[in-house]
Amino acid sequence: MHIKKYLLKCLHRLQKGPGYTYKELLVWYCDNTNTHGPKRIICEGPKKKAMWFVLTLLFTSLVCWQWGVFIRTYLSWEVSVSLSIGFKAMDFPAVTICNTSPFQYSKVKHLLKDLDELMEAVLERILGPELSHVNATRALNLTIWNHVPLVFIDEQNPHHPVVLDLFEDNYNGSASSTPAPGRTCSAHGCKVAMKLCSHNGTTCNFRNFSSATQAVTEWYALQATNIFAQVPNQELVAMGYSAEQLILACLFGAEACTYRNFTRIFHPDYGNCYIFNWGMKEKALPSANPGAEFGLKLILDVGQEDYVPFLTSTAGARLMLHEQMSYPFIKEEGIFAMSGMETSIGVLVDKLERKGEPYSQCTVNGSDVPIRNLYSDYNTTYSIQACIRSCFQDHMIRNCSCGHYLYPLPRGEKYCNNQEFPDWAYCYSALRMSLAQRETCIDVCKESCNDTQYKMTISMAVWPSESSEDWIFHVLSEERDQSPNITLNRKGVIKLNIYFQEYNYRTIEESAANNIVWLLSNLGGQFGFWMGGSVLCLIEFAEIIIDFVWITIIKLVALAKSLRRRRAQTCYDGPPPTVAELVEAHTNFGFQPDTAPHGPDAGPHAHEQTPPIPGTPPPNYDSLRLQPLDVTESDNEGDAI
């Protein structure tokens, strides 16, 4: 009850504001505002009033339009990029080194025996059109072949291509014709393609290649993936090149280092890789000064003579520079170093600092990315490469029921192989070519807000020279193999020099192009230029809006009470009594109640009617007067309302 009285009192006080109607309120605003246009509408004559009204309306529209433009520009969250150059001592980058051959052929030969024989037969069939010679010379294990075979595609008639299996002497399929049996085909006249089938061979597609070299290389890598996916990781590590075999000499600045200063990780494409200055267990090493003499110097032996012949066609080393505690995606971001060469790599540092939400979709540590980072088992930092590959592996498991050998595997899942998942190659190929899958992963993954990139300047020279190779190979052979004979040659050795070119580093930083100060300055400038107003004018306008609201509330309350009274009057059938009728009722004894006693105790005059006492009190005429709401002063009058 007290709350109701308080609200009514507030309503009455606000009603006594600048006006009781909308018209009075507008007149009061135009007469008292500090904005120039509305004042002239009130003060000037009729013609000038019309002119000033049009001008005020026009300039108000211009201000609203300009405000909309500035607000939309501000909400677009644009950024400006600033480039600054700093000079300071920096930590040396992490250096990852891999052999281009993932395994030593002498250690994996027993696993690849059937596949190598099949590969030799495929090459003979591609190079020679006669198939009978192949069948006569060897017995092949076609179990691997039947899962993913290579075929010839005869496109002499582009509208009706014909498919021929390499190990069949007639065509096994045609679009609309049946060729003659015994007709042969070779790589010269036909294209070599990979046949991928699913659902027991009911659904097939063909992956075409422009060269037979590409076709057999991709086919062999796919079949080798099926084999290595079934080998435990510990055995795969043992089949690769050890750090002692790969790293012959190491020098960082003036301090000697060995293969023990490197951390091993296993990469499916390159086998055992070794990282210098990764920063996982020890503090990152600083570089004392720029220049080759203060950098990292390595001598490697890639052991080219023990490469897997059909799996690796490139000889040399693969290396990458990256930040500490970041996973090296060396296949995508690394560079090659040639055998028999000294490769010098000068490094410049670029630091990228991106603005976060809402300016860009970058992430600080990947915690807001809805993809499980499969590379987090290495305790490495987030990167968009890790996210995209984790996303692909997730799609691979959901669509193909198994994970691909080239990516980390979540717990409880299995790698794809032909025995347990015979349709995996078809599924993997379809997923790899799917544009929707790539777009989904790109949309979900976010860039890192802070990143460091190493720009490299690479130069090469022949090493060792002809005049010095004899003694250099003698010394290196003695150190590694304790042999007086030369066990190394130019085909296997690589020399690397990695150093900072200079200590100047570039910082590329994003900042907000339009901040709140810019927005307020432009809004105020436009309002002051077109309307001659300020922030106080906006407060006045807000005040008048509040008054509009209160007047509307008062009118709605009065309307509601009026409707309530009308509904109360509809309860009587006839019209309300007049004053004369009420006076007559007050003085007419016929309207008085009968108060004579009844019953056995009634006297002899019980049947006579005694004058009654008036039963209707005189009306209070003042209560019939209607008082307007806007002149109510006291709290009691407020209660009457």
Side-chain angles (χ1 to χ4, degrees), residues 95-109 111-112 115-116 119-120 122-123 126 192 194 207 209-228 236-237 239-243 245-248 262 264-275 298-322 328-345 385 389 404-407 432 456 458-464 488-498:
V95 181
T96 299
I97 301 171
C98 308
N99 201 325
T100 54
S101 178
F103 305 106
Q104 300 178 70
Y105 188 56
S106 58
K107 296 182 178 180
V108 299
K109 191 173 183 179
L111 296 175
L112 302 176
L115 181 59
D116 289 345
M119 183 67 170
E120 293 174 359
V122 168
L123 293 176
I126 291 175
V192 180
M194 191 186 304
R207 186 180 174 192
F209 298 90
S210 59
S211 171
T213 301
Q214 296 174 333
V216 296
T217 301
E218 291 289 329
W219 175 82
Y220 189 93
L222 187 66
Q223 300 289 10
T225 296
N226 163 64
I227 295 173
F228 294 133
L236 294 176
V237 171
M239 296 176 191
Y241 289 84
S242 65
Q245 289 176 297
L246 180 65
I247 303 169
L248 300 180
F262 290 76
R264 177 187 55 78
I265 64 170
F266 181 80
H267 194 284
D269 285 296
Y270 296 105
N272 295 332
C273 295
Y274 301 94
I275 307 177
L298 296 172
I299 299 178
L300 310 177
D301 177 26
V302 296
Q304 188 179 157
E305 65 279 355
D306 204 15
Y307 275 21
V308 181
F310 299 122
L311 187 61
T312 306
S313 57
T314 303
R318 186 82 170 171
L319 63 96
M320 176 184 171
L321 309 183
H322 53 97
F329 294 94
I330 195 165
K331 183 178 181 180
E332 295 78 17
E333 302 175 6
I335 62 173
F336 285 112
M338 295 175 57
S339 301
M341 292 286 181
E342 178 176 352
T343 302
S344 296
I345 302 175
Q385 294 280 4
R389 279 149 185 78
H404 197 276
Y405 166 73
L406 297 179
Y407 308 100
R432 182 183 178 186
M456 295 177 285
I458 303 173
S459 59
M460 291 181 291
V462 176
W463 184 88
L488 300 174
N489 56 65
R490 187 180 298 276
K491 295 180 180 180
V493 294
I494 299 173
K495 186 176 182 181
L496 296 176
N497 299 320
I498 305 171

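Values reported hereafter were calculated over all heavy atoms of this structure, with side chains retained and with hydrogens, waters and symmetry mates removed.
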Item to complete: Taking side chain to side chain donor-acceptor pair (under 3.5 Å) as the test, write out the residues that go with Asn489, two or more places apart.
Response: none
Worksheet entry | Residues forming a side chain to side chain donor-acceptor pair (under 3.5 Å) with Gln214, sequence neighbours excluded | Ser210
Locate the shortest heavy-atom distance separating [X] from [Y]; write the atom from each residue and the value.
X: Ile494; Y: Ala337; result: CD1-O, 3.5 Å
X: Pro464; Y: Val493; result: CD-CG2, 4.4 Å
X: Val302; Y: Ser339; result: CG2-OG, 3.8 Å
X: Gly316; Y: Tyr307; result: O-OH, 3.4 Å
X: Met194; Y: Glu218; result: CE-C, 3.9 Å
X: Ile227; Y: Leu111; result: CD1-O, 3.9 Å

Starting at [atom1] of [X], measure out to [atom2] of [Y] and round the result to the nearest 0.5 Å.
X: Leu298; Y: Ile247; atom1: CG; atom2: CD1; answer: 6.5 Å
X: Asn99; Y: Gln304; atom1: CG; atom2: CD; answer: 9.5 Å
X: Met456; Y: Ser344; atom1: CE; atom2: OG; answer: 13.5 Å
X: Thr96; Y: Ile275; atom1: OG1; atom2: CD1; answer: 4.0 Å
X: Met119; Y: Asp116; atom1: CE; atom2: CG; answer: 8.5 Å
X: Ile330; Y: Ile97; atom1: CD1; atom2: CD1; answer: 8.5 Å

Worksheet item: Hey, what's the ring geometry for Phe103 with Phe266, parallel, tilted or perpendicular (30° and 60° as the breaks)?
Response: tilted
Less than 4.5 Å apart, any side-chain heavy atom of [X] and any of [Y]?
X: Thr312; Y: Pro102; value: yes
X: Pro268; Y: Phe228; value: no
X: Leu236; Y: Tyr405; value: yes
X: Glu333; Y: His322; value: no

Discussion item. Less than 6.0 angstrom from the centroid, inside 45 degrees of the normal: does Arg264 satisfy that with respect to the ring of Tyr274?
Written reply: no
Worksheet item: Checking side chain to side chain contact (heavy atoms under 4.5 Å, CB included) for the pair Arg318/Phe336: CA distance, chi angles, key distance, verdict?
Response: CA-CA 5 Å; Arg318 186 82 170 171; Phe336 285 112; 3.0 Å; yes
Item to complete: Please determine which of Leu123, Leu112, Val122 meets the side-chain contact (heavy atoms from CB on, under 4.5 Å) test together with Phe310.
Response: Leu123
